[in-house]
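Written out below as structure tokens is the structure these notes cover.
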Amino acid sequence: MVKSIPKYPAPPIIGALSEFRADQLGFLLRARDRFGDIVEIPFFTQRVILINHPDLIQAVLVEHADKVQKSPLDHAIFRQSLGQGLITNEGAAHKQQRKLMQPAFHAKRIENYGAVTTDFTEKLIADWRTGGQVDIHDAMTKLTLFVVSKVLYDADLSQQADGIGEAVHLINHEGEEQYKQGFTVPSWIPIPQNRRIQRAVKDLDAALMPVIEARRKSGEDRGDLLSMLLAAQDEETGSGMTDQQVRDEAATLFVAGHETTSNALSWTWYLLAQHPDAEAKLHAELDAVLAGRTPTLADLPKLKYTEQVIKESMRLYPPAWILNGRAPQENFEIDGYRLEKGTVAFISPYVMHRDPRYFEQVDQFMPERWTPEFEKALPRYAYFPFGGGPRVCIGNSFAMMEARLVLATMAQRYALRVDQAAPVVPEALITLRPKNGIRMRIERRTPQVESAETAGTNTQTPVSMQA
């Protein structure tokens, strides 16, 4: 017997779109609290099914992955800026592209990226002084941009950092506006929104295309992702990628590879500044393990609390706060609920990560919760900051490595304090970012060398999160 999906009460025609636009994060939490595991929400002409249970999410992302695609709106938005890259392709083309790119993210190759990450981090903080001010979101955005451009394309884009950052932000912002309005206007119509997107894409291409063209001309294989893309050949025809195809893949990983990690690190610094007990415990671990030296990949297994901090930060502020709409291509059932062709499934890590059924004291920043026993008992899709199924983030291992190394390098030398005069407000665009940045005051600290046996043994009383 097919179960009935409860319906969110909303006005005719526009549906709940105005309520959603006014407070996206709060709206989804309220819908979950009121209706539970699944609810149908009318958005203008679109029927959206919000799914809030790990088993149902797994059914959509994994068990029925071959029956869903990204929604037509998602495709229209992302193809404006990213073309036919990994994010926008479906089916066999997506599988082939992913197979091609996967070697760039193998464990042995990632090992080579560690020193690049710490080197750029040390350069970033070399001129920091106690009492100085920094917008940590801007700093983390530039840092991750430098890292991803070097490790994926062996390029130094430091001179173009501000322009690229602004272009990515604009693409992000305009894409979210298109989500809210529920449609895209054909790119050839010269409305202001289309002109802004086209200008941002032009700025992004101005940074990436010369790198691609120079590498194509030289024929040099530097062992990075760009070299793999340029050398790739179709298994049937033997033809290689055009510069446009290479550009689309490069732009996709470039945008996704630095925007999400920069947001995760920015929220981590904000949370640590709000919770001095957690910050002190992090410092104790770093001092004991590193004793003031630069961290390496070999140190990461010992930096357990550092990893817990990152995981808890991404629980409260997952960069990918909502997965791109999954549109059933045929009718199918999940636990007795029928998902019909023509609907769009909304799956939100932000909502699931704040579900009190799976996380005690759900609104509190508690890195200590991430014990091996806790993770083993946690349902697979109660926590999924990198998505899941065939479209799980291809660079998740690289992102976790990068975040831990950046945090370890910076936190053993500096503490950051939030500027209380500059309110911090989450902005749910394509990614979850601080709307006006995060202004912070710099405090230099000297690592306190202690034995590894005594590090991190102090306990922490959870403090209510202030967001």
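The model shown is predicted, which means the values in this text are computed figures rather than measured ones. Note that these values count all heavy atoms, side chains included, but never hydrogens, waters or copies made by symmetry.
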For Asp335, give me all partners under salt bridge (Lys or Arg N to Asp or Glu O under 4.0 Å), at least two apart in sequence or on another chain.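 For Asp335, the residues satisfying salt bridge (Lys or Arg N to Asp or Glu O under 4.0 Å) (neighbours in sequence not counted) are Lys3.
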Listed partners of Asp138 passing salt bridge (Lys or Arg N to Asp or Glu O under 4.0 Å), at least two apart: Lys142
So which atom in [X] and which in [Y] form the shortest heavy-atom distance, rounded to 0.1 Å?
| X | Y | answer |
| --- | --- | --- |
| Leu271 | His275 | O-ND1, 2.8 Å |
| Asp135 | Ile438 | OD1-N, 3.1 Å |
| Ser313 | Ala264 | OG-O, 3.5 Å |
| Val134 | Leu416 | CG1-CD2, 4.5 Å |

Are Phe27 and Tyr8 close enough that their ring centers fall under 6.0 Å?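 Close enough - the centres of the two rings lie under 6.0 Å apart.
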Is any side-chain heavy atom of [Y] closer than 4.5 Å to one of [X]?
| X | Y | answer |
| --- | --- | --- |
| His94 | Lys70 | no |
| Gln274 | Phe365 | no |
| Glu307 | Met400 | yes |
| Trp321 | Leu28 | yes |
| Tyr383 | Met352 | no |

What class does the angle between the rings of Tyr358 and His53 fall in, given that below 30° is parallel, 30 to 60° is tilted and above 60° is perpendicular? perpendicular
Any donor-acceptor N or O pair under 3.5 Å, side chains Trp370, Glu312: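 Distance-only check passes for Trp370 and Glu312.
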Quiz question: by atom type and distance under 3.5 Å, do the side chains of Glu174 and Gln80 form a donor-acceptor pair? no
Are there more than 12 heavy atoms of other residues, nucleotides or ligands under 6.0 Å from atom CZ of Phe44? no
Please step through salt bridge (charged side-chain N to carboxylate O under 4.0 Å, His left out) for the pair Arg21 and Glu177, ending with a clear verdict. CA-CA 9 Å; Arg21 290 188 63 170; Glu177 287 301 308; 3.7 Å; yes
Checking side-chain contact (heavy atoms from CB on, under 4.5 Å) against Val418, which of Arg439, Met440, Arg441 comes through?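 It is Met440; the other options fail the test.
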Once ring-ring contact (aromatic ring centres under 6.0 Å, His included) is applied, do any residues pair with His64, and if so which ones, sequence neighbours excluded? Phe332
